[in-house]
Each structure stands twice: as structure tokens, then as C-alpha cells.
Amino acid sequence: MKTVMERYEPKKIERKWQKYWEKNGTYRQYSRKQGFYVLDMFPYPSGAGLHVGHPRGYIATDVTARYKQLSGYGVLHPMGWDAFGLPAEQYAIKNKVHPEIAVKKNVATFKKQLEKIGFTYDWEREINTTDPEYYKWTQWIFLEMWKRGLAYESNEPINWCPSCKTGLANEDLEQGKCERCGTVVEKRPLRQWVLRMTKYADRLLKDLDSKELEWSESIKEQQRNWIGRSEGVEVVFPIVGTEEALRVFTTRVDTIFGCTYVVVAPEHTLIADRKSQIANYKEVEKYIKKAAAKSDLERTELAKEKFGVKLEGIEAVNPFNGEKVPVYVADYVLGSYGTGAVMAVPAHDERDFEFAKKYDLPIRNVIEPIGMTGTVSDTFDGAISSAHSKFDSIITSERCFTLDGTVRNSGEFSDLKSSEARVKMTAWLQKEKLGKKKVNYKMRDWTFSRQRYWGEPIPLVHCEKCGVVPVPEKDLPVLLPKVKSYEPTDTGESPLASITKWVNTKCPQCKGKGKRETNTMPQWAGSSWYYLRYIDPKNKKALVDKKKEQKMMSVDLYVGGTEHATRHLLYARFWHKFLYDIKVVSGKEPFKKLVNQGLIVASDGRKMSKRWGNVVNPDDMVASFGADAFRTYEMFMGPFTQSIAWNTDGVVGTRRFLEKVWGLKSKIENRKSKIETGRDIESLLHQTLKKVTEDIEGFKFNTAVSSLMILVNAMEKEKKLKAESYKALLLLLSPFAPHIAEELWSQLGNKKSIFLAEWPKWDKKKIAEETVNIAVQVNGKVRAVLVVAAGSDEAAVKAQALADANVQMHIAGKTVRKVIYVPGRIFNIVVG
RNA sequence: GGGCAGAUGGUGGAAUUGGUAUACACGCCAGUCUUAGGAACUGGUUCCGCAAGGAGUGAGGGUUCGAGUCCCUCUCUGCCCACCA
């Protein structure tokens with residue numbers, strides 16, 4: 001006799017199955033023929049723990065991982081910790097614990113939180129960037145780069161955050177402020193290690209267009225903009241009365257006849273070199289000092305107003321017309337881009353235009369908008385204000401014309417189109433040896449050293465005799481010394497510099513006295529290659545065994561936030577290309593497909609943060625609703641790539657849904673009473689099979705869940721269910737709600753895990769329904785809905801439509817002019 | 001200033017890509033079981049209107065038998081970049 005059915009109690013089943021899966025290695029099906037590598041951007045284990053926003057991406061990869069395993073793949077889905085860097089160190093300083101201990105504690109918290117949600121993670125492959133066995137290889141990669149001249153020492157001024165007390169890379173800035181603490185960044189000359197990322201600029205750019213790279217257009221565009229390739233020419237402007245010349249970079253050589261002065265950046269060497277020739281050197285020097293004191297932010301904020309000083313006594317010659325033009329120094333020209341000098345064409349460049357107006361410099365127009373002499377062309381609509389209605393008026397107007405057009409007043413190049421003029425003028429320059437084609441990038445080399453404690457030591461030794469010497473591979477890793485005090489200093493020296501016992505060492509080459517490099521690597525070092533370590537996490541001889549896991553060499557699916565567009569994702573691509581060049585990896589790109597999840601914000605619309613007190617902890621969600629309801633809700637709440645506000649009330653809905661699935665068990669027919677399920681439920685089931693399969697593949701989890709809800713609602717209305725139908729439902733549900741699916745699966749008498757079963761396939765024939773609804777419209781408005789046999793012809797539908805009372809009412813007294821029939825959808829009667 | 005998204009009920013969002021707008025869910029309303037409650041069950045829920053009917057996807061125009069979807073103009077919101085010559 002059957003007892004009253006047990007209630008659905010997640011607490012009773014979730015922990016049980018999590019233990020079962022771990023014990024049985026359910027998700028370690030690596031021996032399967034085909035592999036699939038699905039990866040989450042690993043978290044930074046902060047002290048605050050996870051909030052409900054974090055797992056959104058992890059759940060999505062988990063759904064995909066489970067679906068792929070059910071589809072026959074051996075899935076690699078690992079997790080680890082990115083634990084070096086400032087946040088961990090600052091947390092440690094604030095809480096007066098050593099970072100190593102803080103990290104250990106935080107990792108434990110994160111892991112405990114993750115385990116409750118029921119992921120397929122293979123914890124045997126867990127990695128931690130602060131583990132010496134791990135950072136040994138981070139150091140190894142650095143040395144390989146150093147050996148090939150890709151890591152170099154520099155003393156150039158770099159971004160210095162006075163609050164974090166460390167140098168920063170360009171990528172670490174946000175509008176001239178430190179990305180971490182918001183402090184305005186200063187320029188500070190500092191000895192530092194730099195990675196020659198610009199050497200890879202072209203490849204980093206070009207490979208974005210590779211067909212194999214399935215990334216969102218917006219991330220690719222962000223990387224393109226960051227790399228900032230621009231093609232132009234370097235033009236030589238001889239300096240009057242000297243053998244020297246000023247080289248300027250321009251993308252608009254077609255405007256060069258409109259050049260009325262030249263501007264150099266305050267850092268430009270011309271100023272010091274020609275000191276004696278500059279009549280107003282004192283004034284110039286004062287200006288340069290003032291400019292140097294300005295932060296990048298100030299330079300940017302004052303962008304509207306441009307200041308500069310004329311270098312009295314210096315003139316440059318425009319190579320095209322031999323005209324002598326004055327030279328200015330102004331900080332609107334950047335020392336670090338191009339040649340640090342520009343030719344100013346105020347008529348056709350906004351910045352030059354503003355500067356020229358301020359200092360009353362001549363504005364000479366040499367580009368005429370196309371169509372000005374004839375009819376106004378559409379090409380420039382909007383670009384040409386009414387003030388520009390006549391060519392001549394442009395010169396004196398309030399605006400300059402910055403687009404391409406027809407070249408005028410430019411000697412032999414007059415009357416050419418801008419694009420043609422650029423080609424011919426460049427050719428002329430090359431012939432006269434007064435210039436050459438040049439490509440410039442906005443992206444800079446990667447400032448790679450930090451003056452902080454909690455990072456990978458840079459494995460180099462400074463020796464008085466031998467210079468910079470690498471630590472031999474057999475001596476790696478260079479361990480980060482355990483110290484009590486690791487607070488940063490103001491001096492630009494790493495706190496490691498004061499640990500003399502560690503600093504003083506033997507030169508690996510001459511065995512004489514040597515000093516260790518005391519700078520550490522930036523936070524982004526460890527994450528630039530971590531995806532490779534998961535493939536072969538225990539390997540002590542090599543970073544990764546290429547032969548062993550060739551099939552996993554690059555990540556098939558990578559999921560994470562968009563905030564990494566120009567840092568982690570750029571750095572990892574750079575390192576991967578380098579590792580490809582030295583034949584450590586076999587592919588050119590690390591991440592084939594990239595999907596960016598939308599941010600989950602708090603219900604008040606703000607980011608979840610301790611500061612606002614709006615953090616929702618996933619532990620609480622699991623405790624009140626169960627992991628399955630929580631997981632399903634995160635997938636159901638909205639489109640995956642879109643940002644969305646958290647709403648705890650919504651979890652109730654997915655919990656109710658799971659209760660219904662649980663309840664359906666009682667409807668399963670037993671062997672004795674073979675009640676046929678209707679055709680309706682069968683076609684709906686197959687429609688759902690198709691929908692859920694396609695939606696998981698397309699990352700449309702919200703509609704996958706809703707289609708499951710529709711199926712379950714329909715099943716509830718049935719008196720009996722075929723066991724086969726119910727099994728199919730459980731399989732479809734299992735990626736989203738693995739615990740309940742596994743529990744019900746085993747209650748059906750299955751001995752093996754549901755995740756070792758096979759994903760059901762839909763049958764095209766069974767999807768088709770016997771009858772279809774046809775909307776009958778009169779002049780585009782729906783007046784009736786007919787139920788007709790599938791595949792009815794137009795005549796049959798027309799007869800039925802015209803017989804409908806409501807339709808008759810709307811066409812009464814009018815002439816039917818036309819009918820449109822879309823089979824299976826619509827029948828439109830046009831009357832007039 | 002530039003680039004990329006986006007705007008649909010009270011709320012989150014669907015819409016076979018030009019074919020019945022508002023699926024699914026939350027919330028709300030009414031009822032049922034219950035001493036009570038709801039994270040239970042049943043029904044209802046775009047707006048105006050008693051109804052017939054009409055209006056309706058940020059605003060305005062266009063193409064079409066038919067537009068949330070395509071084209072033009074505009075408004076607003078979010079994210080990213082920003083003196084890069």
C-alpha cells in the first residue's frame with residue numbers, strides 16, 4: 001500500500017546528491033572521446049564572500065556543462081582563485097592578518113558557498129595563483145619573455161597612485177584615476193619592468209576578426225579601440241638654421257598645406273636640445289614645469305581650454321611648400337604618442353582650431369566639403385552647419401571642417417579627393433625622403449611591476465658584474481618571503497626591498513654578490529594563463545603537457561563580466577600568443593567563444609556592496625528556497641547578457657514550479673493501467689525538447705525555463721503521464737535543477753546518475769499539431785480565430801472565414817478587394 | 001565629444017525574426033481548504049468603457065494587406081572610451 005507522498009524538501013536531498021556526485025566522480029568523464037572545456041572567470045576571494053550576483057555566470061556554465069555531458073562530451077569545468085594583488089593585501093592590512101591567512105580563510109568561505117549551489121566543478125583541479133607550485137610557472141613565463149627581450153627595464157614616468165603607493169598600467173586607470181581607489185594618478189619617473197605588448201598589437205587586433213573567435217561585437221570593439229591602431233605618415237619638418245628636423249605624425253597628410261604652426265609635447269627632446277636657441281626659454285621652462293605638475297586628469301578636464309607657449313627663435317619648414325612655421329609647446333600634445341609632435345592644421349582639426357583661435361594663429365582652409373561647388377552632397381549632412389554653406393565662410397566660421405573632402409590651395413595636389421591626396425603626398429614624401437608611412441597604436445607596453453608585497457616576485461637578480469641575471473629554472477619558484485610587516489612605502493620601493501636577508505643573494509651566474517629584484521608582478525599576471533593550468537594542474541615538469549590534453553588546449557566557452565574587456569582578456573590573449581610563439585600551446589587564441597553575463601544589481605538599482613547594505617547572500621537563498629529553485633530563478637529572471645535587478649520574491653515562482661514537477665510523479669501510469677497520453681502533450685513535449693535544446697545552446701536560459709514551465713503546467717492538467725514523458729522532462733530540467741532531477745530519477749528506479757544518461761532528441765513529426773489556429777483579420781485587425789486542420793488550403797479557410805458572424809459584420813456593405821493567406825498563421829481580408 | 005546597447009502591463013520579461021502583442025513568472029484582486037497564515041489550491045488581471053466597441057510596444061512620420069520587428073527624424077536611459085594628431 002502506498003503511503004502519503006513525501007513532500008519536496010530540498011534540504012533532504014541536495015546535500016545527499018552533492019556528496020554522491022563528488023564520491024562517484026560523476027562529472028569527471030574525461031575519457032570520453034570528445035572534450036568540451038567550459039570556464040568561468042575565476043573569482044577574487046574577497047572578505048565579503050559571494051553575493052547572488054556572482055553565481056549567475058557560474059550557473060550558466062554549469063547548465064551548459066551538464067547539457068554537454070548529457071550530450072556525450074567529456075566536460076572540463078574547473079574553478080580556482082585569483083588571490084594575489086591589492087584587494088587581498090588591503091584586506092589583510094585592514095584586518096591585521098597576513099594576506100596568506102586571509103586568502104586561505106576567504107577561499108574557504110567562497111568554496112563553501114559555491115558547494116551549496118551544486119556545481120559540476122572538478123575540485124581535484126582547483127588552482128590558486130598564490131600557490132608557489134602555481135606561481136612558479138607565472139615566473140617561468142616572465143623569464144621566457146625576458147629571454148626574448150619582451151620584458152625590459154625602463155625609467156620612464158609612469159602612472160603612480162599615491163594612495164595605493166604603487167605604479168599602475170595604463171589599463172588600470174579610469175579617467176585618470178586609480179581604478180581601485182579613485183585617487184587621481186600622478187606621473188612619476190620610476191624604475192620598472194615593462195612587457196612589450198605593443199609588439200603583439202597588430203596580431204591582437206587582426207585575430208579579433210578570426211572566424212573562430214565567437215565574441216560579442218561590443219567586446220571586440222572595445223579591444224579594437226583600446227589597441228587604437230591608426231595608419232598615417234611621419235613627416236619631416238626641418239628646423240631652420242640647423243641640420244636637425246622635427247618629425248611629426250599625422251593621419252591627415254592631405255591637410256598639410258593648411259599647416260600654420262607645429263606643436264611639440266612638453267616632454268619633447270627638442271626643447272632641451274635647442275635650449276640656447278629658444279629666446280624665451282625661462283617662460284617655456286615655467287610652462288613645462290606647470291604642465292608636468294598637472295595630473296592626467298587635469299589635462300583631460302581642461303581639454304576645452306588649450307594652453308601653450310611659442311618657442312621664440314625656432315621655426316620649422318613645411319616640406320611641401322617650404323613655408324616657415326612657428327613651433328609651440330603645448331600639453332594638448334601627448335609625449336607618449338606618435339613622435340610627440342604634431343603639425344597643426346586649425347582649419348581641419350578641432351584641437352588645433354581651438355588653440356589657433358586662442359593665440360590668434362592663422363587658419364588656412366585647404367579642404368572643401370564635397371559637393372560645395374555643385375549640389376550639396378548627402379555625404380556630409382549634419383557635418384556641415386549652415387555657416388558652412390559657402391566654402392569661403394568656413395575659414396572665418398565658428399567651426400572647422402574635419403571630414404574628408406576635396407583638396408584645395410595645395411599646389412600640384414589641388415583638386416584631388418582627400419583619400420587620393422594622401423596616397424600621392426605619401427608617395428612624394430617617400431621619394432623625397434622627407435617622410436614615411438607609419439602605424440601608431442594607442443595601446444602602450446604593459447607596466448608590469450608593482451611596489452607592493454602581495455604578488456609574484458619577479459625572478460631576476462641584479463649583479464654588479466653581470467647586470468640583470470635570471471633565476472635558473474631549477475630554482476623556481478622564487479618564494480615570496482614570509483614577513484610580519486608588508487605595508488607599502490612612499491619611496492617607490494617595494495616593501496620587499498627592506499628585507500635584506502631575502503634581497504641579498506648570490507648571482508646565479510658569477511656566484512658573486514647579487515640583489516634580488518624587489519618589485520612584484522601585477523594582479524593580472526596569474527590570471528593571464530590560469531586556464532592552461534586546469535588542463536594539467538599537477539604537472540611539475542611543464543606548464544602544461546601539450547600531448548596529454550591537446551583536445552582541451554583552448555577554452556571552448558568562457559563566461560564572465562564585461563569589465564575585463566581591456567585588461568584580463570587582452571593580457572591573456574597577449575600571453576597566449578607568446579606561449580604559442582614559443583610552442584607551449586598549439587592555438588593562437590585562448591578563448592574560442594566568450595559570453596558576457598549582465599550584472600545583477602540590488603533591488604535599489606545599485607551595485608551590491610557592503611557599503612550600501614544591499615547584499616543578498618546565496619546561502620540564504622539556498623536555505624529558504626533550495627539550491628535548485630535558486631539556480632533556476634537566476635536563469636529565469638531575464639536575458640543572460642542583460643543587467644537586471646535582484647528580486648528575492650521571484651524565487652518563489654521557480655520553487656512553486658519545482659513543487660509541481662515533484663507532484664507530477666504521482667501521475668505516472670503504472671504498468672497495469674496503460675492510459676495513453678494525448679497527442680497534445682506529446683507534441684508539446686517534443687516542441688519543448690527542441691526549444692530547451694536550442695535555447696541552452698543559444699544562452700537563452702530564461703525562455704528555456706519558461707518553456708519547461710509551460711510543459712509542466714500542461715502535464716498537470718493530464719490525468720496520467722507516460723513514464724517516458726516524465727523522464728524526458730527530468731532530463732530537460734536536470735541542467736537547471738540537478739538535485740531534484742537526480743532525486744526523482746532515482747525514485748523512478750534508475751541505478752545510475754541522470755547525468756550519465758542521454759539527452760533526449762526531438763522528433764520533427766511529433767512536433768506538428770493536428771489542428772492550427774488561424775487568425776482572421778479584416779484590414780489588419782483580428783476579427784476571428786479559426787481552428788482548422790493543419791495544412792488546410794486557402795479555399796477551405798476562406799469559406800470558413802467568410803462564414804464567421806463577426807467577420808461578416810465587419811465586411812458588410814464593403815467590397816472584398818484582396819485576401820492574403822499565410823498557411824498556419826493568418827487570413828487577412830482587405831475591404832474598401 | 002565618440003562608440004555600443006536599450007526603451008513593451010503595477011514589476012522581471014516573451015513574441016516563430018514582417019503575420020493573433022503582452023507567453024512564462026512576480027505582484028495584485030476574488031474565492032477554496034484552514035483556528036490562522038501562506039512559500040497551498042481555483043479563477044481573474046494591458047488601458048478606457050456597464051456594454052457594443054475603441055486605444056495600445058518612448059515620441060513623430062514613412063514603407064506594407066499587415067510593423068514591437070524594416071526606413072527616416074527626435075527624446076530619454078545604461079555601459080565603455082575619451083586631447084591618440
Student: Any donor-acceptor pair, under 3.5 Å, between the side chain of Arg825(A) and the base of U20(B), if you only look at N and O atoms?
Tutor: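 Donor-acceptor pair under 3.5 Å: no.
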Student: Quick check for you: among G13(B), A85(B), C80(B), whose closest atom lies nearest to any side-chain atom of Gln222(A)?
Tutor: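 Nearest to the side chain of Gln222(A) among the choices is C80(B).
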Student: Would you say Asn702(A) places a side-chain N or O within less than 4.0 Å of OP1 or OP2 belonging to A14(B)?
Tutor: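 For A14(B), OP1/OP2 do have a side-chain N/O of Asn702(A) under 4.0 Å.
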Student: Go through the structure and list residues passing side-chain contact (heavy atoms from CB on, under 4.5 Å) with Val831(A), not counting sequence neighbours.
Tutor: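 side-chain contact (heavy atoms from CB on, under 4.5 Å) check on Val831(A) returns Val778(A), Asn779(A), Ile811(A), Lys814(A), Val816(A), Ile829(A).
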Student: Heavy-atom nearest nucleotide on RNA chain B for Gly338(A) versus Gln642(A): which residue maps closer to 5'?
Tutor: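 Comparing both residues, the 5'-ward one is Gln642(A).
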Student: Between Glu634(A) (CD) and G12(B) (P), how many Å, whole number?
Tutor: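 Glu634(A) atom CD is separated from G12(B) atom P by 18 Å.
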Student: Could you walk me through whether Tyr633(A) and Trp646(A) pass the ring pair (Phe, Tyr, Trp, His ring centres under 6.0 Å) check?
Tutor: CA-CA 10 Å; Tyr633(A) 179 65; Trp646(A) 179 258; 5.4 Å; yes
Student: Could you give the CZ-to-C1' distance, from Phe249(A) to A85(B), as a whole number of Å?
Tutor: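 Distance check: Phe249(A) CZ to A85(B) C1' gives 8 Å.
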Student: Strictly under 6.0 Å, is that where the ring centroids of Phe355(A) and Phe307(A) end up?
Tutor: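 No, the ring of Phe355(A) stays outside the 6.0 Å limit from the ring of Phe307(A), centre to centre.
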Student: Please report, rounded to the nearest Å, how far the P atom of C80(B) is from the NZ atom of Lys220(A).
Tutor: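 Checked: the NZ to P distance equals 21 Å.
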Student: Compare the minimum distances between each of C83(B), G13(B), A15(B) and the side chain of Pro639(A), then state the nucleotide with the smallest one.
Tutor: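 Out of C83(B), G13(B), A15(B), the nucleotide with an atom closest to Pro639(A)'s side chain is G13(B).
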Student: Of the options U20(B), C81(B), G3(B), whose atoms approach the side-chain atoms of Glu221(A) most closely?
Tutor: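 Closest nucleotide to the Glu221(A) side chain: G3(B).
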Student: Just to be sure I understand the rule, does Arg229(A) reach a base, reach only the sugar-phosphate, or reach nothing, if contact means heavy atoms closer than 4.0 Å?
Tutor: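 Here Arg229(A) touches no strand at all.
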Student: So that I know where these two stand, are Phe701(A) and Phe640(A) an aromatic pair - ring centroids less than 6.0 Å apart?
Tutor: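 Ring centroids of Phe701(A) and Phe640(A) are less than 6.0 Å from each other.
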Student: Counting side-chain heavy atoms from CB outward, which of A85(B), A21(B), C65(B) is closest to Val830(A)?
Tutor: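 Out of A85(B), A21(B), C65(B), the nucleotide with an atom closest to Val830(A)'s side chain is C65(B).
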Student: Whole angstrom is fine here: how far is it from NE2 in His564(A) over to P in C79(B)?
Tutor: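 The distance from NE2 of His564(A) to P of C79(B) comes to 17 Å, rounded to the nearest Å.
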Student: With the side chain of Asn806(A) defined as its heavy atoms from C-beta on, choose the nearest nucleotide among G53(B), G13(B), U20(B).
Tutor: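 Looking only at side-chain atoms, Asn806(A) lies closest to G53(B).
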Student: Using 4.0 Å as the upper bound for N to carboxylate O, is an ion pair formed by Glu354(A) and Lys306(A)?
Tutor: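 Between Glu354(A) and Lys306(A) there is a salt bridge, with a charged N closer than 4.0 Å to a carboxylate O.
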Student: Salt bridge check: are Arg252(A) and Asp404(A) linked by an N-O gap of less than 4.0 Å?
Tutor: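 Yes, Arg252(A) and Asp404(A) are salt-bridged.
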Student: Could you tell me whether Met443(A) contacts a base, only the sugar-phosphate backbone, or nothing, with contacts defined as non-hydrogen atoms closer than 4.0 Å?
Tutor: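 Result for Met443(A) = nothing.
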Student: Which value, in whole Å, describes the distance between the P atoms of nucleotides U20(B) and A5(B)?
Tutor: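 To the nearest whole Å, 26 Å.
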Student: For a quick check of understanding: with a heavy-atom distance under 4.0 Å over all strands, which category does Val782(A) fall into, base, sugar-phosphate or nothing?
Tutor: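 Touches sugar-phosphate only.
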Student: Closest nucleotide of RNA chain B for Phe625(A) versus for Thr703(A): which of these residues is on the 5' side?
Tutor: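 Looking at RNA chain B, the more 5' nearest nucleotide goes with Thr703(A).
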Student: Hey, is the side chain of Ser230(A) poking within less than 4.0 Å of OP1 or OP2 on A85(B), counting only N and O atoms?
Tutor: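 It does, given that an N or O in the side chain of Ser230(A) lies less than 4.0 Å from OP1 or OP2 of A85(B).
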Student: So what does Asn773(A) touch, heavy atoms closer than 4.0 Å: a base, only the sugar-phosphate, or nothing?
Tutor: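 Contact class for Asn773(A): base.
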Student: Taking protein heavy atoms under 4.0 Å as touching, what does nucleotides 24-32 of chain B look like 5' to 3' if B marks base contact, S marks sugar-phosphate-only contact and - marks none?
Tutor: BSSS-----
Student: Just how far, in rounded Å, is C1' of U64(B) from NZ of Lys781(A)?
Tutor: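 The answer, rounded to whole Å, is 15 Å.
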